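Structure, as structure tokens:
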Number of protein chains: 2
Amino acid sequence: MAAPSSVSAATTASPLFLREHEVRRGVELLFFGYTRLTRAIDDGLAEHGLGRAHHRALYFIARQPDLTISELLKILAITKQSLGRVLTDLAEKALVETRTGVVDRRQKLLRLTAEGVRFEAQLFDALRTSLASAYAAAGQESVTGFWRVLEGLIPAEDKAMVIALQKDI
Amino acid sequence: MAAPSSVSAATTASPLFLREHEVRRGVELLFFGYTRLTRAIDDGLAEHGLGRAHHRALYFIARQPDLTISELLKILAITKQSLGRVLTDLAEKALVETRTGVVDRRQKLLRLTAEGVRFEAQLFDALRTSLASAYAAAGQESVTGFWRVLEGLIPAEDKAMVIALQKDI
DNA sequence: TTAGATACGTCAATATGGCTGCCCCATCTT
DNA sequence: AAGATGGGGCAGCCATATTGACGTATCTAA
């Protein structure tokens with residue numbers, strides 16, 4: 001563990017001595033924050049007969065058009081089978097379409113259809129409303145800290161993937 | 001990250017001006033951060049043949065001994081049925097015990113057994129390791145911001161419950 | 001004291017979203 | 001030509017959640 005000084009300066013000694021209370025607080029806020037945020041879109045999904053798994057796929061396809069199946073598998077960290085069902089549903093509802101890869105014809109490039117774009121945007125709006133109000137209430141400095149801590153939770157081997165995601169918007 | 005100008009101009013910020021990128025970044029970091037943190041304890045749980053649902057119950061009972069069933073239901077926001085199965089499992093494994101309420105004999109007060117305390121502490125240790133290193137890497141100021149944003153994600157009607165949880169440690 | 005509300009338990013049926021193991025084909029690489 | 005890789009699919013299983021209805025014990029208030 002690095003950089004104990006910044007921590008010891010404030011409330012506690014060193015990370016090793018991090019008080020249980022502070023860790024529990026983080027665990028709980030993450031639990032409530034995450035679950036409440038995801039609940040914000042359940043109704044929108046249910047209207048289309050979809051669940052959260054569908055949204056996760058939809059979201060990352062929206063974020064990175066022409067994503068391949070294997071890239072999406074890495075992001076979601078689920079099995080091919082699980083993703084398969086989800087993508088089948090999304091294709092049947094004409095929210096997602098695939099085309100054969102150009103550089104490698106084995107690959108399938110995933111994209112949202114026009115309707116998929118519309119739907120994802122609608123769901124995203126609910127997320128934006130929740131997150132934006134939390135950001136606004138906390139202030140920009142807090143938002144930066146929020147990002148920083150969360151980045152620290154991502155294991156090194158996954159970090160590149162997350163950074164890459166956030167590069168192109 | 002990109003130009004905060006629109007946002008920093010609005011530390012008091014009108015959510016309407018929040019850029020999509022900043023919201024997507026939050027959504028993604030929350031997703032990866034939360035899922036990676038919870039994965040940290042999957043192995044420990046699997047050794048006992050338990051899942052994440054069991055851990056959530058275990059965790060909140062550890063946090064608030066003599067919690068009643070209905071209080072726990074409120075916290076977890078699942079149905080009585082779902083919780084029932086989880087608690088049955090935990091009782092069978094002698095990790096949780098109940099006693100009849102003193103002020104209200106209809107209530108069941110939930111507590112960890114000695115073994116339950118030991119087990120929860122072991123799982124908590126994995127969480128602490130992850131979170132503590134993220135805290136240390138980010139610094140105390142960031143941690144405060146992290147908490148602040150997450151608090152903003154909790155709807156008003158749930159906030160009292162969360163605050164109450166965090167009062168007594 | 002009795003009627004109704006509350007706390008908890010439990011039934012049956014159902015949905016969702018994960019998993020494993022195994023096998024297939026098409027395509028790329030060497 | 002051989003093997004690795006990207007993708008698809010089958011069968012079966014498991015964990016976790018849901019709804020709605022109903023039962024019992026206990027508390028509270030008219």
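Every chain is numbered from 1 and lettered A, B, ... according to where its sequence line falls, protein lines coming before strand lines. What you are looking at is a predicted structure, and each value in this text was computed from that prediction instead of being measured.
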For this session: For B/G51, report the nucleic acid contact type (base, sugar-phosphate, nothing); a contact means any heavy atom under 4.0 Å.
Result: sugar-phosphate
Using a 4.5 Å cut-off on heavy atoms from C-beta on, say whether the side chain of B/R52 contacts that of B/R39.
-> yes
Over 12 non-hydrogen atoms of neighbours within 6.0 angstrom of CZ in A/R118
yes
inquiry  = Between B/Y59 (side chain only) and A/V27 (backbone N and O only), is there a donor and an acceptor less than 3.5 Å apart?
reply    = no
How would you label the contact of B/T79 with the nucleic acid (heavy atoms, under 4.0 Å): base, sugar-phosphate, or nothing? base
**Item:** Ring-ring centroid check B/F119 B/F124, cutoff 6.0 Å
**Value:** no
Kindly assign one of parallel, tilted or perpendicular to the pair B/F31 and A/F60, based on the angle between their ring planes and the thresholds 30° and 60°. tilted
Point to revise | Donor-acceptor under 3.5 Å (B/T113 side chain, B/A94 main chain) | key: yes
**OP:** Answer with base, sugar-phosphate or nothing: what part of the nucleic acid does B/S82 contact at a heavy-atom distance below 4.0 Å?
**Re:** base
Chain A vs DNA chain D, heavy-atom contacts under 4.0 Å, first-to-last nucleotide span, 5' to 3', is D/dA4 to D/dC10
Assert: residue with more 5' nearest nucleotide on DNA chain C, out of A/R106 and A/K80, is A/K80
On DNA chain D, more 5' by nearest nucleotide between B/A53 and B/G101 is B/A53
Result for 5'-nearest mapping on DNA chain C, choosing between A/L50 and A/D104, is A/L50
Notebook entry, point to check: Does a side-chain N-to-carboxylate-O contact under 4.0 Å join A/R63 and B/E20?
Noted result: no
Span of DNA chain C engaged by chain A, first through last nucleotide within the 4.0 Å heavy-atom cut-off, is C/dG17 to C/dC28
Members sharing B/L109's hydrophobic cluster, built from side-chain contacts under 4.5 Å between Ile, Leu, Val, Met, Phe, Trp and Tyr, are B/V102
Answer with base, sugar-phosphate or nothing: what part of the nucleic acid does B/R52 contact at a heavy-atom distance below 4.0 Å?
-> sugar-phosphate
